[in-house]
Amino acid sequence: MKRRGFMAAGGAVALGSATGSLLGPGAARAATYAGYAMAYFTESPSMTAANYALHLAVSTDGLNWTPLNQNAPVATPTLGSRGLRDPFILRRQDGTFVVLATDLNGTDWAYQSQYLHVWDSSDLGTFRNYRLLKVHSLATHAWAPEAVWDAARGRYAVVYSAVVGGHNVLLVNHTTDFVTASAPQTFFDPGYDAIDGSFVTVGGVDYLYFKNNTNSTLLGARSGSLNPGSFGVYTGAIGPGRGVEAPQIVKSNTAELWRMWGDTWSPNGRFFCWQTGNVAGGAWTLLGDREYTQPLNSKHPGITAITAAELSGLTSAWGVPAWNRLKSYNFPDRYVRHANNVGRIDSYPFEPYQDQLWTLAPGLADPAGVSLRSVNLPTRYLRHSDYAMVLGADDGSGVFRADATFYRVPGLADASWTSLRSFNFPDRHLRHSNYVLRIDPIGSGSPATDRQDATFKITY
């Protein structure tokens, strides 16, 4: 089923028109960006990770993300539904930030709200002036807001989804301060249910990507202005072979490349990422899981570029996780986990999601090595027994501590990744076989498949 259906509206929207153009940040335009910040909320397949508050992650390359604050919220709504979805970060013209989000605590798609959650921030390390922004008076919702600077109007355009005429359209309000806003106008109505608008400007052309909510694919539209009603669809349907939503387009800081993120609910909380060097052409290449790592349990990303100072400040303010995840090289949708005290790799996302979280402790037999201690069963470590990897409690014996100790070495299949060499069987490395973990004799001369089985990325 689609994550969000549509509901009948109880009123009409006043229409209007004007001309406009989408430009990048003003005061911040001269800044050199060295990383990215992502806003999100969290859910997991059986919803044990559901948390409808503002979460943040950072990245240097825009592909591999580090959750901040131990993947706990950095700000929590206290008004309206007291929960959020679909957070979006906008860098204002003066270089500061505003965060917008849907007012919805959970998954009650019939919940009606005429408001958006709003925070101001100078650095994303602190949040102030929390408030609700009223955007319409209709008997419907206001989903997935994005905001862009409209230079011709000298105001910000706030675009979101609401039901008008029996289906979701994208509405727009204009504001200078995100405290009050103009009356809503219909910004984009393709004639069918459309939600989750995301904007980018390339070569003076404004592009809008959105979700076709009737078949759960993504589409691109474009216009020479920000005029309501001026956008026309120019791409075919984009999807990963399953339902997708929440497009978020981000320009690379280092190359003429654009990436588009999308979210799915089957399984819940799985991101996909596409890339293109030609937005105008409308063709996007789906990246493989080896190329990116999303924040744990993240949903509906909102991404902005940040400076080196901002990246450093965010990491200092919120801290990086005390735990890690290990991603398989040749099955990069799978992560090392324990299940019934057996070590294995399984496809993300899964429950209990905590089974994939590991504390990389100093090696029990040699502190120069590493031992993998379970986060949710913190007295237990991954160790080998008859070469099979199992989860066991440290009994203090030399044998256990040796079995649970590994050395991090350059990945046997890719030196930028990691392989884990056994402490007491130094010709053997941790590997998966039929998705189950064990240690086997593997070296640089081993078959490529074996070397790939023994290669992992230590990530978050």
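Here the structure is a predicted model, which is why all the values come from computation and not from measurement.
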Self-check item: Electrostatic pair D193:K211 at N-O distance under 4.0 angstrom
Solution: no
Could you pull out all residues at least two apart from [X] that satisfy side-chain hydrogen bond (donor to acceptor under 3.5 Å, both in side chains)?
X: Y335; value: none
X: Y292; value: R270
X: T217; value: N215

Quiz item: Taking side chain as C-beta onward, heavy atoms only, is L90 less than 4.5 Å from F88?
Solution: yes
Quiz item: Heavy-atom distance under 4.5 Å between the side chains of F127 and V99, does that happen here?
Solution: yes
Quiz item: Taking only residues two or more places apart in sequence, or in another chain, which ones meet V202 in a side chain to side chain contact (heavy atoms under 4.5 Å, CB included)?
Solution: V200, Y207, W258, V279
Quiz item: Mind checking what makes side chain to side chain contact (heavy atoms under 4.5 Å, CB included) contact with T254, not counting sequence neighbours?
Solution: S252
Quiz item: Checking R325 against Y348: charged group under 6.0 Å from the ring centre and within 45 degrees of the axis?
Solution: yes
Practice problem: Test the R85-Y52 pair against the cation-pi criterion, namely NZ or CZ under 6.0 angstrom from the six-membered ring centroid and within 45° of the ring axis. | Solution: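 Not satisfied by the 6.0 Å and 45° rule.
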Step through it carefully: locate the ring centre of [X], locate the ring centre of [Y], and say whether they are under 6.0 Å apart.
X: F41; Y: H300; answer: no
X: Y329; Y: F456; answer: no
X: W261; Y: Y209; answer: no
X: F199; Y: F187; answer: yes

Practice problem: Return the orientation label for the W274 and F272 ring planes: parallel under 30°, perpendicular over 60°, tilted otherwise. | Solution: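 It falls in the tilted class, 30° to 60°.
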Quiz item: Counting N and O atoms only, with roles assigned by atom type, does the side chain of W318 sit under 3.5 Å from a partner on the main chain of L124, one being a donor and the other an acceptor?
Solution: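 Yes, W318 side chain to L124 backbone: donor-acceptor pair under 3.5 Å.
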Exercise. For D189, enumerate each residue passing the salt bridge (charged side-chain N to carboxylate O under 4.0 Å, His left out) test, keeping only those at least two apart in sequence or located in another chain.
Key: none
Exercise. Dump the intermediate steps for ring-ring contact (aromatic ring centres under 6.0 Å, His included) on Y115 and Y160, then the final yes or no.
Key: CA-CA 11 Å; Y115 298 88; Y160 53 92; over 10 Å; no
Quiz item: Applying the side-chain hydrogen bond (donor to acceptor under 3.5 Å, both in side chains) test to S374, which of R380, H338, R337 qualifies?
Solution: H338
